[in-house]
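Read the structure below first, then the notes.
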Amino acid sequence: MKISSEFSKYAQEYNSYKIIQEKVVKKLLSRISTRPQNILDLGCGSGAVCSSIDWEYQSFTGVDFAQGMLELHPRSKNIEALYGDFNDTAMFKNLSKNKYNHLISSSALQWAKNLEEVMLGIKKLNVPISLAIFTSGTFLTLNITAGLSPILRSSLETQELVEKHFDIECELVHYKLEFTSTREMFRYIKKSGVSASRNVLSYRETKKLMREYPLNYLEFEVIFIHSL
Ligand SMILES: C[S@@+](CC[C@H](N)C(=O)[O-])C[C@H]1O[C@@H](n2cnc3c(N)ncnc32)[C@H](O)[C@@H]1O
């Protein structure tokens with residue numbers, strides 16, 4: 001399954017499954033003290049960033065490639081939600097015609113096919129950045145138990161790729177999400193939009209993993225990156 005369709009499929013349910021993503025948005029926004037007026041949000045989803053901004057601004061542009069998520073995004077005279085794929089360099093050319101004064105991206109850029117190319121695209125916009133990107137410590141014990149290598153870039157690789165093009169400060173944060181049963185935990189993985197098209201385990205392997213997973217929580221690792 002393509003990543004875009006996985007997010008669209010679960011778009012309705014995603015809202016109730018985005019506990020970690022909401023914590024991430026709150027933390028990301030808490031570090032933006034400049035109250036930017038013209039904001040661009042890459043991988044805006046159903047609008048967690050937009051809905052959490054507590055200052056008045058002139059314009060907010062959310063961009064996402066999952067129509068199902070865009071349909072749920074708030075819209076008003078100063079809020080637009082547009083279709084766009086950040087893996088497509090032409091998108092940045094189009095966006096660079098507008099004037100933004102801050103770029104935010106929360107829980108989305110881990111899915112960049114080529115993060116360095118995305119950074120080059122963002123650089124064209126010439127704006128301060130605030131990014132929260134999930135990294136390879138996410139589902140650490142789950143991956144070890146299943147004998148899988150992490151699907152996400154490491155925090156170091158992510159930091160280095162961004163640092164090549166921006167003066168930044170970084171913070172690595174670990175989250176735990178507890179569950180009352182493994183069944184519930186695996187249901188969460190499927191519905192939260194964090195598994196992203198990775199159906200690598202057979203039914204039997206999944207059952208084995210559910211039996212052997214030693215924790216009652218899932219691990220998440222997020223790197224927070226802000227322009228200096
Ligand atoms: C986990 S959600 C986060 C949504 C929102 N930013 C939040 O914090 O709740 C990741 C979002 O990134 C979007 N996304 C993933 N790859 C993308 C791409 N190449 N271009 C645009 N959006 C993308 C998905 O469609 C999804 O809405």
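Keep in mind the model is a prediction, meaning the values are calculated, not measured. Both counts, for ligands and for their atoms, begin at 1 and track the order of listing.
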Close side-chain approach of [X] to [Y], heavy-atom, < 4.5 Å:
X	Y	result
Ile32	Ile104	yes
Ile189	Leu142	yes
Ser46	Asp64	no

Check your understanding: Above 12 or not: heavy atoms from other molecules or residues under 6.0 Å from CD of Glu212?
Key ->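 Yes - once you tally the heavy atoms of other residues, nucleotides and ligands closer than 6.0 Å, there are more than 12.
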Among [options], which one puts a heavy atom closest to [atom]?
atom	options	answer
atom 25 (O) of ligand 1	Ile104, Asp64, Val24	Asp64
atom 7 (C) of ligand 1	Gly43, Gly45, Ala48	Ala48
atom 17 (C) of ligand 1	Phe86, Trp111, Phe134	Phe86

Practice item. Begin from the C-alpha positions of Glu80 and Arg75 and carry the test salt bridge (charged side-chain N to carboxylate O under 4.0 Å, His left out) through to its verdict. Key: CA-CA 6 Å; Glu80 56 179 358; Arg75 281 186 169 78; over 6 Å; no
Review point. With a 4.0 Å heavy-atom cut-off (strictly under), which part of Ser105 contacts ligand 1: side chain, backbone, both or neither?
Key: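 Under 4.0 Å from ligand 1, Ser105 contributes no heavy atoms.
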Check your understanding: Under 3.5 Å between some N or O of ligand 1 and some N or O of Ser106?
Key ->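 So ligand 1 has an N or O lying under 3.5 Å from an N or O of Ser106.
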Relative to the heavy atoms of [X], which atoms of ligand 1 are at a distance of less than 4.0 Å?
X	result
Asp85	18 (C), 19 (N), 20 (N)
Val25	8 (O)
Gln21	1 (C)
Met69	27 (O)
Ala66	25 (O)
Gly84	20 (N), 21 (C)

I'd like a table of donor-acceptor pairs (distance under 3.5 Å, sequence neighbours excluded) in which one partner is a side-chain atom from residues 217-225, with atom names and distances.
unit_1, atom_1, unit_2, atom_2, d
Glu219, OE1, Thr141, N, 2.9
Glu219, OE1, Thr141, OG1, 2.8
Glu219, OE2, Thr141, OG1, 2.9
Glu221, OE1, Thr135, OG1, 2.6
Glu221, OE1, Gly137, N, 2.9
Glu221, OE2, His174, NE2, 2.9

Point to revise | Any Ser46 heavy atom less than 4.0 Å from ligand 1 | key: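 Judged by the 4.0 Å heavy-atom criterion, Ser46 does not count as contacting ligand 1.
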Point to revise | Gap separating the CZ atom of Arg35 from the CD1 atom of Ile53, nearest 0.5 angstrom | key: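 Reported value, rounded in 0.5 Å steps: 11.0 Å.
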Give the table of side-chain donor-acceptor pairs shorter than 3.5 Å for residues 119-134, with sequence neighbours excluded, one pair per line with atom names and distance.
unit_1, atom_1, unit_2, atom_2, d
Ser130, OG, His102, NE2, 2.8
Ser130, OG, His226, ND1, 2.9

